[in-house]
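A quick write-up on the structure given underneath.
Since the structure is predicted, the reported quantities are computational estimates derived from the model, not experimental observations. Below, chains carry the letters A, B, ... as their sequence lines are ordered, and counting in each starts from 1. The analysis underlying the following values was restricted to heavy atoms, covering all of them including side chains, and did not include hydrogens, waters or symmetry mates.
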There are 2 protein chains.
Amino acid sequence: MLTKRRAELLGLVVDEYIDTAAPVSSRALAARHGLGVSTATIRNELARLEDEGYIAQPHTSAGRVPLDRGYRLYVEELMAEEPVGLNEQRTIAHQFHQAEPRLDDWLSLAATLLAGSVTNVAVIARPQGQAARLRHVQLVELTVDSALVVAVLEDGRVLQRIVSLTQPLDQDALAAVARRLSARLAGADAAEGRAVAEELLGDEQRIALATAELIDDSRQVGETYIEGLRAALEQPEFSSVERMLEAVRHLQAYELLHTLPDPQQIGRGTTRVVIGHENGSAWLQDWSMIVSAFGDRDGPVGTIAVLGPTRMRYGYTIPRVRYVAALISSLLEHAHR
Amino acid sequence: MLTKRRAELLGLVVDEYIDTAAPVSSRALAARHGLGVSTATIRNELARLEDEGYIAQPHTSAGRVPLDRGYRLYVEELMAEEPVGLNEQRTIAHQFHQAEPRLDDWLSLAATLLAGSVTNVAVIARPQGQAARLRHVQLVELTVDSALVVAVLEDGRVLQRIVSLTQPLDQDALAAVARRLSARLAGADAAEGRAVAEELLGDEQRIALATAELIDDSRQVGETYIEGLRAALEQPEFSSVERMLEAVRHLQAYELLHTLPDPQQIGRGTTRVVIGHENGSAWLQDWSMIVSAFGDRDGPVGTIAVLGPTRMRYGYTIPRVRYVAALISSLLEHAHR
DNA sequence: CCTAGCACTCTCCGGTCGCGAGTGCTAACT
DNA sequence: AGTTAGCACTCGCGACCGGAGAGTGCTAGG
């Protein structure tokens with residue numbers, strides 16, 4: 001069981017780590033917060049917390065770093081929220097009232113302000129329409145090195161896209177590929193399409209991927225606003241070129257839109273925190289996501305989220321995401337009248 | 001004087017460097033292109049080219065790297081253009097005809113296609129309105145740590161923006177700052193405003209910067225589309241964290257919009273190449289910019305540009321920028337009818 | 001004017017070493 | 001039983017070499 005003292009200690013470890021981004025040592029804990037015990041005692045407790053999977057050491061002779069499980073408990077029970085001060089509220093609200101009363105402008109502004117306020121990536125997405133499933137695919141030869149992928153969806157819509165090929169394929173070969181893909185992909189949604197594509201190779205894979213993307217396109221992707229890339233990248237977790245590149249690679253409208261949960265599933269007024277491995281996507285393993293929804297009385301219409309390293313100022317970020325979501329919702333309500 | 005042979009050699013050095021991103025040695029040149037001379041002779045010629053400021057060595061025992069002057073000559077006389085093939089033209093044009101016939105969608109698509117085609121950053125900007133000059137500034141105390149900057153422009157427009165302060169300033173102090181700034185900035189355009197801000201410190205600097213940005217805002221910034229950040233960042237010139245961060249920091253709509261030349265100054269149909277230090281801004285010192293304008297018969301309305309490291313495939317990029325600009329212009333013409 | 005040969009320079013890479021930070025464990029203390 | 005002082009041990013990190021390799025400039029001879 002997790003004793004009171006150990007829980008408090010965990011809270012301190014997370015606080016400290018969020019602050020310094022460096023493994024937290026028993027000495028640092030004793031020094032910064034005068035708990036009435038020695039470092040040896042703290043070490044014992046830390047060892048217990050490690051056994052229970054809340055924290056870990058990067059290597060034998062290092063301090064402790066929170067694990068996802070530690071963050072989870074922290075977010076649910078230990079952290080102190082830093083509410084949005086009145087000044088801050090006024091400053092933010094003012095900018096909205098000053099802007100043109102257009103939803104697009106509001107959302108873009110909201111993304112910018114939120115990103116600036118929490119120094120992380122802010123994403124605001126407004127999906128439109130329903131995602132459909134595939135009926136079948138056809139391929140049309142365009143030039144030697146490109147073909148047209150035509151996706152026919154179950155609801156009857158027809159979408160097309162050009163794919164460039166690495167090897168020449170004539171119309172017969174294309175037809176064969178199309179037959180195979182149609183068989184495997186019939187009834188598939190975008191995610192299933194991508195899964196099938198994973199198993200294929202070369203041009204056939206490219207075509208399958210294009211098909212999956214066409215299915216995705218059926219959602220008629222609304223606007224997506226992404227801000228704060230720069231602020232996020234300045235954080236120490238991205239101090240190597242590879243991590244930075246990976247972040248830039250993935251932080252794109254297209255990919256994010258399909259990573260964020262549907263606004264319906266969140267519901268207005270609630271804020272969900274998704275930590276590290278709780279994210280489905282592999283690349284998000286050491287990211288956390290704070291998601292909220294906005295909308296009017298007819299229900300939620302969009303998602304507003306902050307993405308950042310798992311080492312994120314949850315207590316600070318969460319209220320701000322919630323506040324901005326609520327603010328937009330109330331702007332929408334007023335606009336409707 | 002630059003002999004024929006030396007010019008050719010320079011062309012080869014630039015070609016090779018663009019290709020490999022590594023300093024070019026006399027041996028590499030002799031091996032890859034069977035010039036009828038020995039490496040020693042090549043070394044002599046390279047030494048001359050270095051004296052004349054076209055190329056340089058990163059350190060004594062390294063090969064040669066082109067300097068801006070070398071690139072300039074290359075672009076103007078030596079490079080071989082790689083025209084946009086018919087297939088490529090068709091593939092690109094097709095996507096435009098498939099898109100909704102809205103200028104916004106066209107521009108966004110153009111940025112994406114262009115960036116993908118040249119694997120560098122593509123920027124498309126459509127400025128609107130004229131930039132104005134400042135009449136005077138006023139400051140209004142909002143909260144302890146924020147103030148409202150009110151800029152009155154020469155054409156009578158009034159723009160405002162909130163600035164957060166690092167130190168508390170009361171209304172008297174703010175009034176003093178406003179008086180000082182108004183005196184220094186009267187009649188200034190945005191660039192001059194920024195220059196003055198550079199000389200100031202702390203909150204006064206922040207306020208001056210905000211003022212400069214307000215002046216900029218008077219242009220009523222149109223849409224800016226930026227694509228290809230990721231592709232650009234994968235290039236070897238950004239293989240250090242600092243360079244990458246610097247690029248991300250600067251490649252923002254706001255900053256780029258004010259870096260690109262006015263479409264009027266370029267004129268439809270022409271393509272301008274700006275290499276390294278020829279760029280005004282300090283951060284662009286090792287970037288090159290290929291700029292073209294698009295518009296209809298009433299004149300150019302927007303700028304289309306590709307940004308990349310000075311080591312850029314000029315011969316490949318230039319025709320593609322030109323092509324896309326022309327394509328959009330012609331779409332505009334047709335739409336007008 | 002060209003070229004073979006050579007001495008020289010400088011970077012890059014791998015290995016070694018010592019320092020410092022931090023831990024876990026043990027034994028004594030309350 | 002819980003706490004603590006003391007200590008041996010581990011590990012990462014930065015500094016410091018030293019040799020290999022790449023490339024140059026120069027010289028002397030064709």
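B:Ser25 comes within 4.0 angstrom of sugar-phosphate atoms only, judged by non-hydrogen atoms across all strands, and of no base. Within 4.0 Å of B:Thr39, counting heavy atoms only, lies no atom of the nucleic acid at all.
A residue-by-residue look at B:Ser38 and B:His59 shows that B:Ser38 has its nearest nucleotide of DNA chain C further toward the 5' end. In terms of position on DNA chain C, the residue among A:Val24 and B:Arg5 whose nearest nucleotide sits closer to the 5' end is B:Arg5.
The phosphate of C:dG24 (OP1 or OP2) has a side-chain N or O of A:Gln57 nearer than 4.0 angstrom. Proximity of A:Ser26 to the phosphate of C:dT23: a side-chain N or O atom is located under 4.0 Å from OP1 or OP2. Listed pair A:Arg27 / C:dA21 fails the phosphate criterion, with no side-chain N or O lying under 4.0 Å from OP1 or OP2. Contact annotation: A:Arg64 does not reach the phosphate of C:dA21 (side-chain N/O to OP1 or OP2, under 4.0 Å). The side chain of B:Arg43 places no N or O atom within less than 4.0 Å of a non-bridging phosphate oxygen (OP1 or OP2) of C:dC6.
Between the base of D:dT10 and the side chain of A:Thr60 there is no donor-acceptor pair shorter than 3.5 Å.
Minimum atom distance to the side chain of B:Ala40 is reached by C:dT3, of the listed C:dT9, D:dT4, C:dT3. Which of D:dG25, D:dC11, C:dT3 sits closest to the side chain of B:Glu50 comes down to D:dG25. For B:Thr41, the side-chain atoms get nearest to C:dT3 when compared with the rest of D:dC11, C:dC10, C:dT3.
Atom pair B:Leu9:CG and C:dC2:P shows a separation of 12 Å (rounding to whole Å applied). If you take CD of A:Glu45 and P of C:dG24, they are 12 Å apart, rounded to a whole angstrom. Rounded to whole angstrom, the span from the CG atom of B:Leu46 across to the P atom of C:dC2 amounts to 14 Å. If you measure from atom CD1 of B:Ile42 to atom P of C:dC1, you get 17 Å, rounded to the nearest angstrom. Atom CZ of B:Arg6 and atom P of C:dC2 are 11 Å apart (whole Å). Per the geometry, CG belonging to B:Asn44 stands 11 Å off C1' belonging to D:dT24, to the nearest Å. Regarding B:Ile55, its CD1 atom lies at a distance of 14 Å from the P atom of D:dG23, rounded to whole Å. Note: CG (B:Leu49) to P (D:dG25) measures 12 Å, nearest angstrom.
No more than 12 heavy atoms of other residues, nucleotides or ligands sit less than 6.0 Å from atom CZ of B:Arg243. More than 12 heavy atoms of other residues, nucleotides or ligands shown are found within 6.0 angstrom of CZ on A:Arg206. With a 6.0 Å radius and a threshold of 12 heavy atoms from other residues, nucleotides or ligands, B:Gln167 has its CD atom at or below the threshold.
By the 30° and 60° cut-offs, the orientation of the rings of B:Tyr314 relative to B:Tyr71 is tilted.
Inspection of the A:His277 and A:Gln285 side chains reveals no N or O donor paired with an N or O acceptor under 3.5 Å.
At a threshold of 4.0 Å, the pair A:Glu82-A:Arg320 does not count as salt-bridged, since none of the basic side-chain nitrogens sits closer than that to a carboxylate oxygen.
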